[in-house]
Amino acid sequence: MDAEGFLAKVLDGRLPRAPIMNLLGWKYLDFDEEKLILKVEMRAGPEFINPAGFIHGGMLAAMLDETLAPTVAAVLAAGEFAPSLELKVNFISPAKVGKILGTGKVISKGTSICFAEAQLHDERGALLATASSTSKISRSVKPKSEHITDWSSIVGG
């Protein structure tokens, strides 16, 4: 991971965490530089349940996105940013309130496009959902969050 890259700056506090990271209880665990695999932990709270008593699929999709985006960001150079162009989600098993483990892997990174895949597992190791994404690598546009020092001024906190 490039020490001057976007993800490194978020992890070491030089850039603020996005509010969604806090909502999901996002925690960085590990990045394997050789295998290009990122591991994160999130928390599915009771406020995320649907009428059936399981975690809402939209929240699982958000967790997959918050696994995929930093996975891609971990392989970008300083000054690069890669917003998602496409996200494909597959729901496998119902998720319950508790710890969710996300694993993301970069499948292919070119000069302008990056493909990645992710999985969510519960604490027992059961597969909950999978996703694949396509991201567009940009070098000329600075992400807005590079200019933000305090998200509360943006979200009214």
Side-chain angles (χ1 to χ4, degrees), residues 1-3 5-77 80-138 143-145 151 155:
M1 182 181 332
D2 188 323
F6 186 75
L7 180 61
K9 288 180 178 181
V10 170
L11 292 176
D12 69 15
R14 288 180 284 160
L15 285 176
R17 290 166 52 104
I20 188 73
M21 297 171 89
N22 297 329
L23 177 68
L24 298 175
W26 191 94
K27 179 181 170 188
Y28 170 82
L29 298 177
D30 183 55
F31 180 65
D32 184 320
E33 298 271 351
E34 289 182 22
K35 296 179 182 176
L36 304 180
I37 294 174
L38 180 90
K39 293 185 180 183
V40 298
E41 176 183 307
M42 289 166 275
R43 179 116 188 112
E47 66 276 21
F48 298 171
I49 61 172
N50 62 23
F54 297 108
I55 301 303
H56 189 284
M59 298 309 294
L60 292 174
M63 289 180 182
L64 285 161
D65 194 33
E66 285 302 309
T67 301
L68 288 159
T71 299
V72 171
V75 300
L76 298 177
E80 291 183 326
F81 187 69
S84 300
L85 294 174
E86 177 265 344
L87 176 68
K88 162 83 168 79
V89 175
N90 298 293
F91 301 107
I92 310 298
S93 301
K96 297 178 182 173
V97 171
K99 188 186 300 185
I100 305 287
L101 301 171
T103 304
K105 179 174 178 41
V106 172
I107 302 303
S108 175
K109 179 184 177 280
T111 57
S112 62
I113 300 289
C114 188
F115 298 98
E117 295 177 346
Q119 296 183 343
L120 297 179
H121 292 86
D122 66 15
E123 292 180 89
R124 297 180 325 269
L127 180 62
L128 303 172
T130 65
S132 60
S133 71
T134 306
S135 300
K136 170 98 173 105
I137 300 169
S138 171
K144 286 185 177 186
S145 59
W151 280 104
V155 297

Practice problem: Supply the atom-to-atom distance Ile100 CD1 to Gln119 CD, rounded to the nearest 0.5 angstrom. | Solution: 13.0 Å
Practice problem: Name all pairs fulfilling the salt bridge (charged side-chain N to carboxylate O under 4.0 Å, His left out) condition that reach into residues 107-126, sequence neighbours left out, sorted by first residue then second. | Solution: Asp122-Arg124
Quiz item: Hey, what do you get for CG (Leu120) to OG1 (Thr103), rounding to the nearest 0.5 Å?
Solution: 8.5 Å
Quiz item: To the nearest 0.5 Å, what is the distance between OG (Ser133) and CG (Leu85)?
Solution: 9.0 Å
Practice problem: Assess whether side chain to side chain contact (heavy atoms under 4.5 Å, CB included) is satisfied between Val97 and Ile55, documenting all intermediate values. | Solution: CA-CA 7 Å; Val97 171; Ile55 301 303; 4.1 Å; yes
Quiz item: Which residue pairs pass the salt bridge (charged side-chain N to carboxylate O under 4.0 Å, His left out) test with at least one member in residues 83-105, sequence neighbours excluded?
Solution: Glu41-Lys99
Self-check item: Contact check, side chains of Phe6 and Leu15, non-hydrogen atoms, under 4.5 Å
Solution: yes
Quiz prompt | For the student: nearest non-hydrogen atoms of Phe48 and Leu23, plus distance | solution = CZ-O, 3.5 Å
Practice problem: Decide yes or no for Phe31 and Leu36: does some side-chain heavy atom of the first lie under 4.5 Å from some side-chain heavy atom of the second? | Solution: yes
Quiz item: Between CG of Leu24 and CE of Met42, what distance do you get to the nearest 0.5 Å?
Solution: 6.5 Å
Quiz item: If every non-hydrogen atom of Ser135 is compared with every non-hydrogen atom of Ser84, which pair is closest and at what distance?
Solution: OG-CA, 4.0 Å
Quiz item: For the residue pair Met1 and Tyr28, what are the closest heavy atoms and their distance?
Solution: CE-OH, 3.9 Å
Quiz item: What heavy-atom pair brings Ile92 and Ala129 nearest, and what distance separates the two atoms?
Solution: CG1-CA, 4.0 Å
Could you list the donor-acceptor pairs under 3.5 angstrom formed between side-chain atoms of residues 58-77 and any protein atom two or more places apart in sequence or on another chain?
residue, atom, partner, partner atom, Å
Thr67, OG1, Met63, O, 2.9
Thr71, OG1, Thr67, O, 2.6

Quiz item: So do Trp26 and Val40 actually touch side chain to side chain, heavy atoms under 4.5 Å?
Solution: yes
Quiz item: For the residue pair Leu128 and Pro94, what are the closest heavy atoms and their distance?
Solution: CD2-O, 3.7 Å
Quiz item: What pairs with Asn22 under side chain to side chain donor-acceptor pair (under 3.5 Å), at least two apart in sequence or on another chain?
Solution: Arg17
Quiz item: Leu87 versus Thr134: any side-chain heavy-atom pair under 4.5 Å?
Solution: no
Quiz item: Should Glu80 and Ser138 be marked as a side chain to side chain contact (heavy atoms under 4.5 Å, CB included) after you check the CA-CA gap, both sets of side-chain angles, and the distance that decides it?
Solution: CA-CA 6 Å; Glu80 291 183 326; Ser138 171; over 6 Å; no
Quiz item: Got more than 12 heavy atoms from elsewhere within 6.0 Å of NE2, His121?
Solution: yes
Self-check item: Any residue meeting side chain to side chain donor-acceptor pair (under 3.5 Å) with Ser93, in chain and number order, not counting sequence neighbours
Solution: none
Practice problem: To the nearest 0.5 angstrom, please state how far the CG atom of Leu127 sits from the CG atom of Leu101. | Solution: 12.0 Å
Quiz prompt | Qualifying residues under salt bridge (Lys or Arg N to Asp or Glu O under 4.0 Å), relative to Asp12, sequence neighbours excluded | solution = Arg14
